[in-house]
Amino acid sequence: MSKTPQAIRGTQDIFGPDAEAFAFVVETFERVRKLYRFRRVEMPVFEKTEVFSRAIGETTDVVSKEMYSFEDRGGDSLTLRPEFTAGIARAYLSNGWQQHAPLKIATHGPLFRYERPQKGRYRQFHQIDAEIIGAAEPQADVELLAMADQLLKELGIEGVTLHLNTLGDGDSREAWRAALVEHFRAVKDELSADSQERLEKNPLRILDSKDRRDQRFVADAPKIDQFLSDDARAFFDAVTSGLDAAGVKWTRATSLVRGLDYYRHTAFEFIPDEVSEAAGKLGSQSTILGGGRYDGLMESLGGSPTPAVGWAAGIERLAMLVGEKGEPECDLIVVVEDDERISEAIGVLKDIRAAGFTGEMVSGGSRKKRYDKAVKRSPKVILSLQPEGGHSVSHDNSDESVLKAIRQY
RNA sequence: GCGAUCGUAGCUCAGUUGGUUAGAGCGCCGGUUUGUGGUACCGGAGGUCGGGGGUUCGAGACCCCUCGAUCGCCCCA
């Protein structure tokens, strides 16, 4: 066992019911995304390191300690994408996609983050992703969230609520941040060690600290609402009323912040309700879909100011919530009980598949056990090719069309 | 990065206070039975007990290191 290669820590080989659930998530996403007219894009899995460090922020955990960065043979520093947004922004700028603005796009695929693996958290993980770039209006946020909400419903995921907040525009956010730093610095010695560190690096994060010592001071911390400019407040109001009109249930989460530097205005996460079935399945990973508005991102990459909103959701986490997905059933199995008739079986299968039915052959191993193998796979129809030209057809009475397709038997 | 639990056949697990050739069910392979049949029975393959080192007359069981998974923290999807 030890002689064979092992999978890299934090990677997974997905098979069987898990793979079916994974595929179900992706297929549902593809279907829903078309309903909202999001266009499909394919992105490189790696970028120049600076794409991520400039977009996401040097001081974030993602950039400072979780990226898979390496030097290629030409001496360039490259990084396996830890998220989609930065790469999409880069593509938007380098391809002149401004001409398509407002651009609604969707993609999915693997991401890489050097983290401690846990249930629902992997080093190579997968996300579905949706972005609206070049749209400054709150309607874009509403559209994006309406799609997310419908997607979760179509996946059959229950007990999940949209937690919504606004971080205000750039000035609001800075003023709020300064006030928070002042507030917490006054009681610095009484904060948890983690939060004392956050005070310098990312004071907003103190707000959702789980440590009781911090929570005492979070309650009376300055609220973003006090710092919101009139425009920012109007923007947020438009988002919430739009969500109401779209029938998307949401709840205000004043301490919800996002970890990456580029967020402005709307920030949101879909989180399982406490004590819900979903919360139990996810372990300590709570957010299944998160995102927000990132109006400042394009500028950090050297582009002109470009408003944008987006979200991403972990496919593995969604797959854990969609329940068992069985393998698709088989229409026809041809049992070759006489090896002389293999060619005949191949011909039958070619025809049945050309007609759009699923089918496979059982021809190996003990002849007397071939039929049993076919039965165990429970297809709709079993065609048994027996010695001396004989044959039998058995079926579960559910589908005449398969029988018609092999009516020569 | 920090703390904790766990790691025995392909899968799910059992292995008494450390004691002879490490077991079961399922799955897989072969055979008998049945013969329009998902039955029953017989047999077989498959494990250096995650890996390495140590304690001991003797370790799957104890100790150390390491790898991995899981749980909590951090962070995030």
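Order of the sequence lines sets the chain letters (A, B, ...), proteins ahead of strands, with each chain counted from 1.
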Using a 4.0 Å heavy-atom cut-off, does [X] contact any base of the nucleic acid, only the sugar-phosphate backbone, or nothing at all?
X: Gly390(A); result: nothing
X: Lys373(A); result: sugar-phosphate
X: Ser394(A); result: nothing

Looking at [options], which one has an atom nearest to any side-chain atom of [X]?
X: Arg9(A); options: rC74(B), rA69(B), rA77(B); answer: rA69(B)
X: Glu337(A); options: rC75(B), rU70(B), rG35(B); answer: rG35(B)
X: Thr287(A); options: rC2(B), rC28(B), rA77(B); answer: rA77(B)
X: Val375(A); options: rC74(B), rG38(B), rU32(B); answer: rG38(B)
X: Phe125(A); options: rA77(B), rG37(B), rC73(B); answer: rA77(B)
X: Ser392(A); options: rG31(B), rC75(B), rG37(B); answer: rG37(B)

Legend entry - Pairwise C1' distance, rA4(B) and rG47(B) [rounded to whole Å]: 29 Å

Inset, instruction - Step through the shown structure and confirm whether more than 12 heavy atoms of other residues, nucleotides or ligands are within 6.0 Å of NZ on Lys48(A). - result: no

Legend entry - Nucleotide opposite rA4(B) in a Watson-Crick or G-U pair, distances under 3.5 Å: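 Check on rA4(B): paired to rU70(B), both distances under 3.5 Å.
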
Legend entry - Upstream residue (5' side of RNA chain B) when Ser209(A) and Ala312(A) are each assigned their closest nucleotide: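 Its nearest nucleotide lies further toward 5', so the answer is Ser209(A).
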
